[in-house]
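Heavy atoms only: backbone and side chains are in, while hydrogens, waters and symmetry mates are out. Numbered from 1 within each chain, the chains take letters A, B, ... in sequence-line order.
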Amino acid sequence: MSNITNQSLSEILESIKSKKISSLELTQAYIKNIENAKKLNAFVTTTFDQALENAKKFDNKPNNEQLLSGVPLAVKDLFCTENVKTTAGSNILNNFVPSYESTVTKNLWNNGAFLLGKLNCDEFAMGSSNETSFFGNVINPIGDHLVPGGSSGGSSSALAADLTPATIGTDTGGSIRQPASFTGTVGLKPTYGLCSRWGIVAFASSLDQAGPMTKTVNDCSIMLEAMSGFDEKDSTSINKKKESYSKNLKDNIKGLKIGIPKEYRIDNMPKEIDELWEKGKKILKDLGAQLIDISLPHTKYALPTYYIVAPAEASSNLARYDGVRYGYRSQKGKDLIEMYENTRSEGFGDEVKRRILIGTYVLSSGYYDAYYLKAQKVRQLIKKDFDDSFTKVDAILTPSTPSSAFKIGEKTNDPVSMYLNDIFTVPVNLAGLPALSLPAGLDKQGYPLGLQLIGKALDEQKILNIGYAFEKNCGYKNEIKKWWS
Amino acid sequence: MSLDKEKIKHVAKLARISVDEAKVDSLTKDLNSIFKFIEQLNELNTDKVEPLTSILNQSLRSRTDEISDGKIREKILKNSPKKNEEFFVVPKVVE
C-alpha cells in the first residue's frame with residue numbers, strides 16, 4: 001500500500017474495488033506526493049479539501065460499477081472546472097472561476113473520478129516546453145534541468161512523478177504526444193470530434209482535441225472510454241455509439257499492415273531516433289504485422305501550414321479577452337480602445353502575442369489568399385496523403401519527436417527551432433486523425449523516447465491494440481528517482 | 001516578403017495589443033523568421049486544389065431555435081472585472 005501511487009490506473013482501480021485500499025487513503029497518498037513535489041511546479045491549483053470530501057463520500061457509499069470508481073485525478077488547467085479557478089496558464093485568466101464544467105471533465109466525474117487539482121501548461125496551450133506559462137516553467141521528473149514537453153507539460157510531469165494516477169491534456173499540434181514522449185508515458189490524441197471541446201479554453205478550434213495521458217495503454221483505453229462521447233454543445237462532436245475500448249483491447253496484431261512513411265526520416269535526425277524506429281518496426285514485425293513502405297509527400301509542408309492555420313484561429317478565438325466580461329483588466333488607458341490594448345498587452349505573454357499577430361496578419365485584408373487560403377489548400381493535400389495511404393495500411397508507425405527532452409532555456413530564443421519539435425505530430429492534427437505516443441526506449445543520456453502510431457479516423461481501437469501488443473513486447477519501464485522530495 | 005516595424009505596429013493595432021517600443025525590434029526579427037519558414041508553402045502549386053474547410057465528413061448539425069437555458073445573469077456577471085448591478089462597466093465611450 002505504501003507504493004500504491006507507483007501503480008497503473010487499472011491496478012489502482014482493482015485495489016479500490018477489492019477494498020485493499022480506500023479512496024480516502026489513495027487520495028491522501030497522492031496529496032502527500034504532491035506536497036513533496038512543489039519543485040516540479042506541475043500544479044497551478046490544488047483542490048485537496050474537495051478531493052478528500054469526495055473520497056470520503058465514495059468510501060461511505062462505494063459504487064464500483066463505474067469506469068473510474070473512487071479515483072482522484074488532476075487535469076490540465078485548460079479544462080473549465082465549475083467553481084475552481086481555470087487559468088489556461090495565462091495572466092489574463094488568473095482570476096477566472098468558471099460557473100460551468102467542461103463536458104470532458106464532467107464525463108470523468110460521471111464515471112466516478114473526482115478532481116485533485118489543475119495542472120500547469122503553456123499559456124493557452126501555445127508552446128512545446130511548458131516555458132510560456134505565466135505560472136513558471138514545469139520541470140521534467142526525468143531530470144531537474146529538463147523541460148517536460150508542452151503544452152501539456154504539467155500533465156506529463158505530474159503523471160510521471162506519481163502525482164496523479166492518470167490525466168488528460170489537449171493536443172493542437174502535439175501537446176499530448178510530445179510531452180508523453182519526453183516523460184516516458186502514454187499519450188493519445190483522439191480523432192477530431194471524438195471528445196467534446198465544450199468548456200475547454202479554445203486555441204485553434206479546427207485542431208484542438210482532448211485526450212488521455214497515462215502510464216499504460218490499458219489505462220489509456222479506460223480514460224478514453226470515460227472522457228469521449230457525443231455532445232450536443234460542441235457543433236463538431238461526432239454522433240456515434242460509445243465504444244468499450246478497454247473491454248475490446250486485444251494484443252493480437254497478426255496480419256495488420258503497418259505503414260512506414262519515408263518522409264519521416266528527416267535531415268539531421270539523431271541516430272538514436274532512427275534506431276528506435278528500427279526497434280519499433282522489428283517488434284511489430286515479430287508480432288506478425290506486415291511492414292509496408294509508404295509515402296506522405298507533403299509532410300514537410302505540415303508545420304508551415306500549421307503556423308498559418310493555428311495562429312489564424314487563435315487570433316480569432318482570443319479576441320474575446322477584452323477585459324470586460326471576465327479575466328484581467330488593465331487600469332491604464334484613457335478610453336475603451338486603450339483599455340483593450342493595455343489589457344491584452346499586459347495579460348498575454350510574448351508567445352501568445354506573437355501568434356495573435358501572425359494570425360491577425362494572415363487573415364488581414366490583402367493577405368488572406370496568399371496565406372490562409374493557401375494553407376487551407378495545402379491542408380487538403382496533407383489530408384489526401386493520409387487518405388491515400390490508409391487504403392493500403394491499417395496504421396502508420398513514426399517517431400513521436402525528433403529528439404528527447406531538451407534543456408530548460410535551450411530553445412526559448414528561437415521560435416522556429418521550438419516549433420520544429422512538433423514536426424512529427426502536427427500532420428495528424430491537420431488531418432484530424434488519432435495518434436498514440438508510446439514510450440519505446442531511452443537515448444544514451446537515459447532520457448525517454450517515444451514512437452507514434454497513427455490510425456484512420458475513429459480507429460482508436462486498432463492503434464490501442466497495436467500499442468498494447470507493442471508495450472508487452474517492448475520492455476520499457478520508467479525508472480525515475482524521486483530527487484525532488 | 002518581409003515585415004517592417006510599421007507593418008507590425010499596424011497589425012498590433014488591428015489585434016488591439018499595445019506593443020512596447022523597446023520590444024518592436026526583437027518582435028520584427030522573430031516574426032520575419034517565422035514568415036520565412038511559412039513561405040516554404042510557395043514552392044507548391046495549389047491552383048487546382050480545393051481548400052479544406054472542414055476535417056469532418058459531416059455538415060454542421062442544426063437544431064430547433066429555442067431557448068434552452070436562461071436566468072443566469074449573475075453567473076455571467078460573476079467574473080466581470082467591473083460591473084454595476086446588471087451591467088458590465090467599460091470606460092466612457094460617448095460624451
Checklist entry - Looking at A:Gly323 and B:Pro81, what are the two nearest heavy atoms and their distance? => result O-CG, 3.2 Å
Checklist entry - Looking at B:Asn79, B:Ile55, B:Asp30, which one has more heavy-atom pairs under 4.5 Å with chain A than the rest? => result B:Asn79
Item to check | B:Leu77 and A:Tyr326: CA distance, side-chain angles, deciding distance, side chain to side chain contact (heavy atoms under 4.5 Å, CB included) verdict | outcome: CA-CA 8 Å; B:Leu77 283 166; A:Tyr326 46 81; over 6 Å; no
Next on the checklist: Are more than 12 heavy atoms, taken from residues, nucleotides or ligands other than A:Lys240, located less than 6.0 Å from that residue's NZ atom?
Outcome noted: yes
Next on the checklist: Can you list everything that forms a ring pair (Phe, Tyr, Trp, His ring centres under 6.0 Å) with B:Phe37? Sequence neighbours excluded, please.
Outcome noted: none
Item to check | Results of ring pair (Phe, Tyr, Trp, His ring centres under 6.0 Å) for A:Phe390 - residues two or more places apart only | outcome: none
Next on the checklist: At a heavy-atom distance under 4.5 Å, which candidate from B:Lys78, B:Lys23, B:Arg16, B:Lys83 has the highest pair count against chain A?
Outcome noted: B:Arg16
Checklist entry - CZ of A:Arg320: more than 12 outside heavy atoms within 6.0 angstrom? => result yes
Item to check | Heavy-atom proximity to chain A below 4.5 Å, by part of B:Leu56 | outcome: side chain
Next on the checklist: Using 0.5 Å steps for rounding, measure from the CG atom of B:Leu52 to the CZ atom of A:Arg379.
Outcome noted: 5.5 Å
Checklist outcome for this item: Among residues 304-319 of chain A, those lying within the under-4.5 Å heavy-atom range of chain B are A:Pro304, A:Thr305, A:Tyr307, A:Ile308
Item to check | chain B contacts, top residue of A:Met339, A:Arg344, A:Lys377, A:Arg354 (heavy-atom pairs, under 4.5 Å) | outcome: A:Lys377
Checklist entry - Which bit of B:Thr53 is near chain A, if near means a heavy-atom gap under 4.5 Å: side chain, backbone, both or neither? => result both
Next on the checklist: What I want to find out is whether A:Lys300 reaches B:Glu43 closely enough, with some N-O distance under 4.0 Å, to be called a salt bridge.
Outcome noted: yes
Checklist outcome for this item: Output for pair (B:Thr46 OG1, A:Gln376 CD), nearest 0.5 Å, gives 11.5 Å
Next on the checklist: Quick check for you: to the nearest 0.5 Å, what is the distance between A:Ser235 atom OG and B:Arg63 atom CZ?
Outcome noted: 10.5 Å
Next on the checklist: Does any backbone or side-chain atom of A:Leu430 lie under 4.5 Å from a heavy atom of chain B? Answer side chain, backbone, both or neither.
Outcome noted: backbone
Next on the checklist: Just so I understand: if I count every heavy-atom pair under 4.5 Å between each of B:Ile8, B:Ile76, B:Ile17, B:Leu60 and chain A, which residue has the most?
Outcome noted: B:Ile17
Checklist entry - Of the backbone (N, CA, C, O) and the side chain (C-beta and beyond), which part of A:Leu458 lies under 4.5 Å from a heavy atom of chain B, both, or neither? => result neither
Item to check | Region of B:Ile34 in contact with chain A, defined by heavy-atom distances below 4.5 Å | outcome: both
Checklist entry - Among residues 84-91 of chain B, which residues come closer than 4.5 Å to chain A, judged by heavy atom distances? => result B:Phe88, B:Val89, B:Val90, B:Pro91
Next on the checklist: Heavy-atom pairs under 4.5 Å with chain B: which of A:Leu373, A:Ile358, A:Leu381 has the most?
Outcome noted: A:Ile358
Next on the checklist: Please determine whether side chain to side chain contact (heavy atoms under 4.5 Å, CB included) holds for the pair B:Lys92 and A:Asp335, giving the CA-CA distance in whole Å, both sets of side-chain angles, and the decisive distance to 0.1 Å.
Outcome noted: CA-CA 7 Å; B:Lys92 200 165 174 182; A:Asp335 56 22; over 6 Å; no
Checklist entry - Do any N or O atoms from the side chain of A:Arg325 and from the backbone of B:Ser80 form a donor-acceptor pair under 3.5 angstrom? => result no
Checklist entry - Non-hydrogen atoms of chain A under 4.5 Å away: do they reach the side chain of B:Leu44, the backbone, both or neither? => result both
Next on the checklist: Please classify the contact between A:Val416 and chain B as side chain, backbone, both or neither, with a heavy-atom cut-off of under 4.5 Å.
Outcome noted: side chain
Checklist entry - Can you tell me how far the NE2 atom of B:His10 sits from the OG atom of A:Ser364, to the nearest 0.5 Å? => result 6.5 Å
Checklist outcome for this item: Whatever's closer than 4.5 Å to a heavy atom in chain B on A:Asp350 counts as side chain
Checklist entry - Where on A:Asn429 is there a heavy atom nearer than 4.5 Å to chain B: the side chain, the backbone, both, or neither? => result neither
Checklist entry - So, for B:Leu41 and A:Lys374, which heavy atoms are closest and what is the spacing to 0.1 Å? => result O-CE, 3.2 Å
Item to check | Contact class of B:Lys36 relative to chain A, heavy atoms under 4.5 angstrom | outcome: neither
Checklist entry - Pick from A:Glu346, A:Lys383, A:Glu338, A:Lys384: which one has the most heavy-atom pairs with chain B under 4.5 Å? => result A:Lys383
Checklist entry - At a heavy-atom separation under 4.5 Å, does A:Asn95 approach chain B through its side chain, its backbone, both, or neither? => result backbone
Item to check | A:Glu341/B:Lys13 salt bridge by N-O under 4.0 Å criterion | outcome: yes
Checklist entry - Roughly how far apart are B:Leu14 CG and A:Tyr361 OH, rounded to 0.5 Å? => result 11.5 Å
Checklist outcome for this item: Counting heavy-atom pairs under 4.5 angstrom with chain A, the leader among B:Ala12, B:Ser33, B:Ser18 is B:Ser18
Item to check | B:Lys75 portion near chain A, given a 4.5 angstrom heavy-atom threshold | outcome: both
Checklist outcome for this item: In terms of heavy-atom pairs under 4.5 Å with chain B, the winner among A:Tyr100, A:Phe348, A:Tyr340, A:Tyr328 is A:Tyr340
Checklist entry - So what's closer than 4.5 Å to chain B heavy atoms on A:Tyr419: side chain, backbone, both or neither? => result side chain
Next on the checklist: Counting only heavy atoms from other residues, nucleotides and ligands, does the tally under 6.0 Å from CD of B:Gln40 exceed 12?
Outcome noted: yes
